[in-house]
Protein chains: 2
Amino acid sequence: MLLTIDPAAPEPLFEQLAAQLRAAIAAGTLSAGDRLAPARDVAASLDINLHTVLRAYQELRDEGLVELRRGRGATVAARADDAGLRDAGLRAAIDTLVAESRRLGLDPRTTTALVKEALR
Amino acid sequence: MLLTIDPAAPEPLFEQLAAQLRAAIAAGTLSAGDRLAPARDVAASLDINLHTVLRAYQELRDEGLVELRRGRGATVAARADDAGLRDAGLRAAIDTLVAESRRLGLDPRTTTALVKEALR
DNA sequence: GTACTTGTTCCCATACAACTAGAACAAGCG
DNA sequence: CGCTTGTTCTAGTTGTATGGGAACAAGTAC
């Protein structure tokens, strides 16, 4: 599981990490029970702070996608499979939305904002 | 056009305002040519700073949804109709996505993150 | 048991974004 | 002309993101 960051991007580093891990779960690269690299290792290899990596892990824990335990590390939650990030209906819905957004030439900010609002 | 804010929310105030205005355009509450309330008035009624409101307006201008002119105020851009924020296909796509997200019990953050990733 | 791993929780410091505050300015309107 | 309204500027406060370091707690390995 290769993680990368772009220090120049507007998104916070921990959000970049969380997004890649979510995408990996959705793509099936990571499955329930799989272990994530220790936060210290990720921090060292990306040359960023331990706290930053842990914050990404904790965000995923708050979303119910990852389980964290001292001494054991971070593992993909069983719920991540059950909850179905790779559910066919969900992925179809996302693909359709992206296609519609592109068709209308909408700014990505506009699209994500509309979705966020619709989810409230 | 009633605008509200939640000072305790993690989203910046100007983003909250922009999101509501986008949603209003998408819902048809606001149409091309309609005038937005003067920034000073909004700032006063919400008890926030003029700059914060103007930043929301400017973000919408950058997205092509609103036009700003000194002395005349802020108006919904013609493109806002053409671009079709209230396009049937778009709205159906959003509704479907929201339904799928709810069905799977996904955290809103997870859903929006996946969409943002898919739009890149 | 001891040693090691790994997340958790503190401390603090720095950099940047968000917000506030106030003022002056410029374009449009009546 | 006066009034409205967005634009631009300066400046200060606050919160978040990130970094750096340390101690701690729960789990694993021997």
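In what follows, every chain begins at residue 1, and chains take the letters A, B, ... in the order their sequences are listed.
Residue side chain His51(B) reaches the base of dG22(C) through a donor-acceptor N/O pair under 3.5 Å, judged by distance alone.
Panel note: side chain Asp34(A), backbone Ser31(A); a donor-acceptor pair is recorded below 3.5 Å.
The nearest heavy atom of DNA chain D to Arg69(A) and to Leu36(B) marks one nucleotide each, and the one closer to the 5' end goes with Leu36(B). Mapping Leu13(A) and Arg40(A) onto DNA chain D by nearest heavy atom places Leu13(A) at the nucleotide closer to the 5' end.
Atom CG in Leu54(A) sits about 16 Å away from atom P in dT5(C), given to the nearest Å. For Leu50(A) and dC10(C), the CG to C1' distance is 13 Å, given to the nearest whole Å. Asn49(B) places its CG atom 14 Å from the C1' atom of dT14(D), with the value rounded to the nearest Å. The nearest whole Å value for the distance from the CD atom in Gln58(A) to the P atom in dC10(C) is 12 Å. For Glu67(B) and dT5(D), the CD to P distance is 17 Å, given to the nearest whole Å. Separating the CD atom of Gln16(B) from the C1' atom of dC19(C) is a distance of 13 Å, rounded to the nearest angstrom. Atom CZ of Arg70(B) and atom P of dT8(D) are 7 Å apart (whole Å). Taking atom CD1 on Ile5(B) and atom C1' on dA18(C), their separation rounds to 13 Å, with Å as the unit.
Nucleic acid contact for Leu68(A): sugar-phosphate only, since backbone atoms but no base atoms lie under 4.0 Å from a heavy atom of the residue.
Listed nucleotides: dG28(C), dA22(D), dG6(D). Nearest to the side chain of Arg72(B): dG28(C). Comparing dT20(C), dA25(D), dA18(C) against the side chain of Pro12(B) picks out dA18(C) as the nearest.
Counted within 6.0 Å of CZ on Arg69(B), heavy atoms from surrounding residues, nucleotides or ligands total 12 or fewer; the atom is thus considered open. The environment of CG in Asp47(B) is sparse: at most 12 heavy-atom neighbours from other residues, nucleotides or ligands sit within 6.0 Å.
For the side chain to side chain contact (heavy atoms under 4.5 Å, CB included) criterion with Leu36(B), the lone passing option out of Leu30(B), Leu68(B), Thr75(B) is Leu30(B). Among Val42(A), Ile48(A), Thr52(A), the single residue meeting the side chain to side chain contact (heavy atoms under 4.5 Å, CB included) criterion with Ile5(A) is Ile48(A).
OP1 and OP2 of dT7(D) both lie 4.0 Å or more from every side-chain N or O belonging to Arg55(B). The shortest distance between the side-chain N/O atoms of Thr52(B) and the OP1/OP2 oxygens of dT20(C) is below 4.0 Å.
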